[in-house]
Amino acid sequence: MNKKRFTLIDNDNKKEYQLDGMEGSIGPDVINISSLYKDTGLFTYDPGFTSTAACNSKITYIDGEKGVLLYRGYPIEQLANNSSFLEVSYLLMHGELPSQSDKVEFENTIKNHTLLNEQITHFFRGFRRDAHPMAMMIGVVGALSAFYHDSLNIEDANHRMISTHRILAKMPTIAAMAFKYHLGEPFMYPLNKYDYTDNFLHMSFATPTKEYEINPLFSKIMDQIFILHADHEQNASTSTVRTAGSSLANPYACISAGISSLWGKSHGGANEAVIDMIQEIKNNDLNPKKFIEEVKNKKNKIRLMGFGHRVYKNYDPRAKVLKKSTEELFKELKIKSKELEIAKEIEELALNDEYFKEKNLYPNVDFYSGILLKALGIPTSMFTPIFAVGRTIGWLSQWKEMIEDQEFKISRPRQLYSGEIDKNYKKVMEREKKSMFNLLWLKKTFLNNQ
Ligand code: ACO
């Protein structure tokens with residue numbers, strides 16, 4: 001890696017500081033500020049990490065201006081159209097595509113870890129039937145750490161590998177069980193005759209009375225959805241996993257934290273929100289043109305869900321692949337979908353509108369994934385759990401890379417403090433009286449808690 005130097009000039013104090021720069025294999029250079037506080041007494045300020053590289057990674061590269069996404073150097077389009085999810089999982093975890101024998105061994109290893117300890121079924125039964133599957137996944141994945149005391153030493157490379165295999169293998173089982181519980185149907189156990197994705201479809205859609213006939217096109221599309229969601233460098237949920245893991249927390253707890261972060265509608269929850277938005281337009285016979293105008297009026301605080309991205313200032317390459325698959329599926333099934341028509345109209349309107357053009361707002365992966373999943377017969381509450389199943393390998397690969405990084409440290413951001421200072425403690429009777437309104441509020445809260 002080439003070294004660069006930058007100069008920081010403190011105009012007020014007439015001082016200059018030299019900072020090291022670092023050059024990646026591609027993408028923007030970075031200024032190494034890790035000793036800035038020690039050298040200058042200054043912090044940097046960057047809410048939302050818009051200009052901060054939090055780590056040095058070899059896993060995923062995004063060029064947001066050009067709409068490029070690479071997993072370990074391979075373009076996402078090539079992987080989505082030619083590879084399989086487990087092959088991509090091996091690639092993300094190990095850095096290269098597997099040989100034939102490594103592929104068979106890896107697939108067998110994952111296949112042999114798909115079952116859950118039977119005790120886990122009791123965890124599900126503790127939830128209300130109407131619980132969101134994401135809520136169940138957060139709880140159950142975290143609870144797995146109570147079952148594998150034999151391999152929780154994260155400083156042991158072998159323990160780390162066993163844990164990653166277990167989590168990757170069990171995630172479809174957990175997501176499918178959450179779905180079955182939600183439906184009130186019996187859990188379906190994984191079957192070793194199926195591959196990873198077909199097993200997920202079987203566990204989600206078969207019943208003890210009826211085998212689920214796997215449609216090869218559905219299976220291909222679901223596998224593609226997993227590939228497209230597998231990793232996306234330092235997004236909110238991955239950063240959450242890295243931050244949780246930086247304290248040396250066990251991987252089950254870290255992945256559970258990642259699922260929690262993914263759930264938000266600014267992140268993985270957006271695919272569910274896209275369908276809600278399109279349904280609202282459809283059910284209320286709204287005019288998409290008018291809806292776009294409502295979005296543009298900032299007072300309404302409405303966002304066009306499935307549009308915009310922190311990194312992509314161009315069409316999200318994953319959305320391009322999904323749009324093509326959506327059109328193929330609808331053609332193959334000969335179905336006409338009002339939802340797809342509305343989505344395409346909205347896309348067309350937004351892509352030709354000054355507001356969206358000026359702000360570089362393009363469709364992201366969530367814009368078409370919801371429509372596609374819906375066409376596969378998957379209820380909206382399962383959209384984000386499916387995203388979580390796909391993203392698990394990215395979280396695990398990033399977690400492993402972090403633990404094995406020589407520069408690894410606990411994550412501990414600093415802050416700009418703007419609160420009060422120099423206050424002195426007063427006994428309760430000496431403090432100012434609360435207003436009548438506050439007293440009434442306290443009384444109401446107290447009474448409600450009885
Ligand atoms: N609809 C309307 N306006 C938008 C949208 C949108 N979807 N997204 C951004 N904007 C506008 C903002 O109002 C803001 O305008 P301003 O500069 O006049 O104030 C400007 O574009 C920049 O928006 P920010 O929120 O600052 O951009 P940021 O990078 O922080 O947010 C995000 C990115 C959260 C994805 C945002 O675009 C958004 O909320 N999109 C909708 C939700 C969504 O689809 N999320 C999925 C992301 S992909 C994923 O996680 C897998």
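When reading the values below, keep in mind they use all heavy atoms of this one structure, side chains included, and skip hydrogens, waters and symmetry mates. What you are looking at is a predicted structure, and each value in this text was computed from that prediction instead of being measured. One-based numbering, in listed order, for ligands and for the atoms of each.
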I want to know whether [X] and [Y] have ring centres closer than 6.0 Å.
{"X": "Phe124", "Y": "His182", "result": "no"}
{"X": "Tyr362", "Y": "Phe307", "result": "no"}
{"X": "Tyr212", "Y": "His202", "result": "no"}

If you draw the axis of the six-membered ring of Tyr355, does the NZ or CZ of Lys359 fall within 45° of it and under 6.0 Å from the ring centre? yes
May I ask you to check if Arg125 and Tyr181 form a cation-pi contact, with NZ or CZ under 6.0 angstrom from the six-membered ring centre and within 45° of the axis?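 Output no; distance or angle outside limits.
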Residue, atom name and distance, where the atom is the protein heavy atom closest to [atom]:
{"atom": "atom 3 (N) of ligand 1", "result": "Tyr355 OH, 2.9 Å"}
{"atom": "atom 42 (C) of ligand 1", "result": "Met305 CE, 3.4 Å"}
{"atom": "atom 50 (O) of ligand 1", "result": "His267 ND1, 2.9 Å"}
{"atom": "atom 45 (N) of ligand 1", "result": "Ser266 O, 3.1 Å"}
{"atom": "atom 32 (C) of ligand 1", "result": "Arg303 NH1, 4.4 Å"}
{"atom": "atom 6 (C) of ligand 1", "result": "Leu304 N, 3.6 Å"}
{"atom": "atom 15 (O) of ligand 1", "result": "Lys298 NZ, 3.2 Å"}
{"atom": "atom 35 (C) of ligand 1", "result": "Gly308 O, 3.7 Å"}

[Y] versus [X], side-chain donor and acceptor atoms under 3.5 Å:
{"X": "Ser151", "Y": "Arg166", "result": "yes"}
{"X": "Ser325", "Y": "Gln224", "result": "yes"}
{"X": "Asp46", "Y": "Thr50", "result": "yes"}
{"X": "Glu233", "Y": "Ser57", "result": "no"}

Here the ring pair (Phe, Tyr, Trp, His ring centres under 6.0 Å) pairs for residues 259-302, sequence neighbours left out, are His132-Trp263
Start with the C-alpha gap between Lys374 and Glu339, add the side-chain angles, then the distance that decides, and say whether salt bridge (charged side-chain N to carboxylate O under 4.0 Å, His left out) holds. CA-CA 10 Å; Lys374 198 160 180 287; Glu339 279 91 354; 3.4 Å; yes
Which ligand 1 atoms, with their elements, are less than 4.0 angstrom from a heavy-atom of Ala270?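 Checking each atom against Ala270, I get 43 (C), 44 (O), 45 (N), 46 (C).
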Could you pull out, from [options], the option with a heavy atom nearest to [atom]?
{"atom": "atom 29 (O) of ligand 1", "options": "Lys359, His309, Arg310, Glu358", "answer": "Arg310"}
{"atom": "atom 4 (C) of ligand 1", "options": "Leu262, Leu228, Leu361, Val295", "answer": "Leu361"}
{"atom": "atom 44 (O) of ligand 1", "options": "Gly306, Ser237, Gly269", "answer": "Gly306"}

Any protein heavy atom lying closer than 4.0 Å to [atom]?
{"atom": "atom 38 (C) of ligand 1", "result": "yes"}
{"atom": "atom 26 (O) of ligand 1", "result": "no"}
{"atom": "atom 18 (O) of ligand 1", "result": "yes"}

Between Phe307 and ligand 1, is there a nitrogen or oxygen pair with a distance under 3.5 Å? yes
Are any of the N/O atoms in Asp366 less than 3.5 Å from those in ligand 1?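 For ligand 1, there is no N or O atom that lies under 3.5 Å from one belonging to Asp366.
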At under 4.0 Å between heavy atoms, is it the side chain or the backbone of Val365 that contacts ligand 1, or both, or neither? side chain
Polar side-chain atom of Asn300 near backbone of Ile302 as donor-acceptor pair, under 3.5 Å: no
If you measure from each heavy atom of Phe387 to ligand 1, is any distance below 4.0 Å? yes
